[in-house]
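The shown structure was predicted, so the numbers you read here are calculated from the model rather than taken from an experiment. All heavy atoms count here, side chains included; hydrogens, waters and symmetry mates do not.
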Amino acid sequence: VQLQASGGGLVQAGGSLRLSCATSGFTLDYYYIGWFRQAPGKEREGVSCINSGGDATYYADSVKGRFTASRDNAESTAYLHMNNLKPEDTAVYYCAARGLSDGPSRYFNTTDEYDYWGQGTQVTVSS
């Protein structure tokens, strides 16, 4: 099982980036994808989550309205589109996968709810 996040970089405040999470070794159709970030000296925090079918997305309040999660199961890839970036968005961003669970879709936003992790990609937003 592998997840590989990419697409980070240096951008000015107000700019945009699209992160990708390429997956392999499992069938993405049966997994949620979560996006997390970790700034220096801070704990890893949940940013967004998208359910297995891509028809339900969830966001932390700090990014709601600016970030959009999407996925292409046929391409085994998930995305995080980030618009109107702010300096406080600066962090290493990670994607993670967790299997389906019983019940309706819901927001999984803590690290212990995910089974597989990719390496991070650095996002730096300058003011």
Check: Arg71 and Thr77 side chains under 4.5 Å, non-hydrogen atoms
no

Roughly how far, to the nearest 0.5 Å, is OH of Tyr116 from CD1 of Ile33?
11.5 Å

Under 3.5 Å: donor-acceptor pair, side chain of Asp72, backbone of Ser76
no

Given Leu19 and Thr121, is the side-chain contact (heavy atoms from CB on, under 4.5 Å) satisfied, shown in steps?
CA-CA 8 Å; Leu19 304 185; Thr121 184; 4.0 Å; yes

Taking only residues two or more places apart in sequence or in another chain, which ones pass salt bridge (charged side-chain N to carboxylate O under 4.0 Å, His left out) with Glu45?
Arg37

Test of understanding: clusters of I, L, V, M, F, W, Y form through side-chain heavy atoms closer than 4.5 Å, transitively. Do Trp35 and Tyr107 belong to the same one?
no

Between Asp115 (side chain) and Arg98 (backbone), is there a donor-acceptor pair under 3.5 Å?
no

So, Asp29 versus Thr27: side-chain donor-acceptor pair below 3.5 Å or not?
no

Using ring centroids (six-membered ring only for Trp), state whether Phe108 and Tyr58 fall under 6.0 Å.
no

Are Ser20 and Tyr79 packed together at the side-chain level, in the sense that at least one heavy-atom pair is separated by less than 4.5 angstrom?
yes

Working to the nearest 0.5 angstrom, can you tell me the gap between Lys64 NZ and Thr57 OG1?
10.0 Å

Check: Tyr114 and Phe36 side chains under 4.5 Å, non-hydrogen atoms:
yes

Quick check against the 3.5 Å criterion: does Ser62 have a side-chain atom that pairs as donor or acceptor with the backbone of Ala60?
no

Trace of the salt bridge (Lys or Arg N to Asp or Glu O under 4.0 Å) decision for Lys86 with Asp89:
CA-CA 5 Å; Lys86 303 177 180 180; Asp89 294 319; over 6 Å; no

Please examine the side chains of Ser52 and Tyr30, heavy atoms only from C-beta on, and report whether any two atoms are closer than 4.5 Å.
no

Heavy atoms of Leu17 and Gly7 approach each other most closely as CD2-O, 3.8 Å

Anything under 30° is parallel, anything over 60° is perpendicular, the rest tilted; go ahead and classify Tyr31 against Phe26.
perpendicular

For the CD atom on Gln119, are there more than 12 heavy atoms of other groups (residues, nucleotides or ligands in this structure) within a distance under 6.0 Å?
yes

Any chance you could measure Glu88, atom CD, to Ser127, atom OG, to the nearest 0.5 Å?
10.0 Å

Atom of Ala39, atom of Ala91 and distance for their closest heavy-atom approach
N-CB, 3.8 Å

Sub-4.5 Å side-chain heavy-atom contact between Ile50 and Tyr32:
no

Distance (rounded to the nearest 0.5 Å) between Ser6 OG and Tyr93 OH:
15.0 Å

Validation row: Met82, Val123 side chains within 4.5 angstrom (heavy atoms)
yes

Kindly indicate whether the side chain of Leu80, heavy atoms from C-beta on, has any atom under 4.5 Å from the side chain of Phe67.
yes

Taking atom types as modelled, is there a side-chain donor on Thr124 or Gln122 under 3.5 Å from an acceptor on the other?
yes

Give a yes/no verdict on a cation-pi contact between Arg44 and Tyr94, requiring under 6.0 Å between NZ or CZ and the six-membered ring centre and an angle within 45° of the axis.
yes

Taking everything shown except Lys42 itself, do over 12 heavy atoms lie less than 6.0 Å from its NZ?
no

I'd like to know if the side chain of Ser16 pairs up with that of Asn83 as donor and acceptor (distance under 3.5 Å, no hydrogens or angles considered).
yes

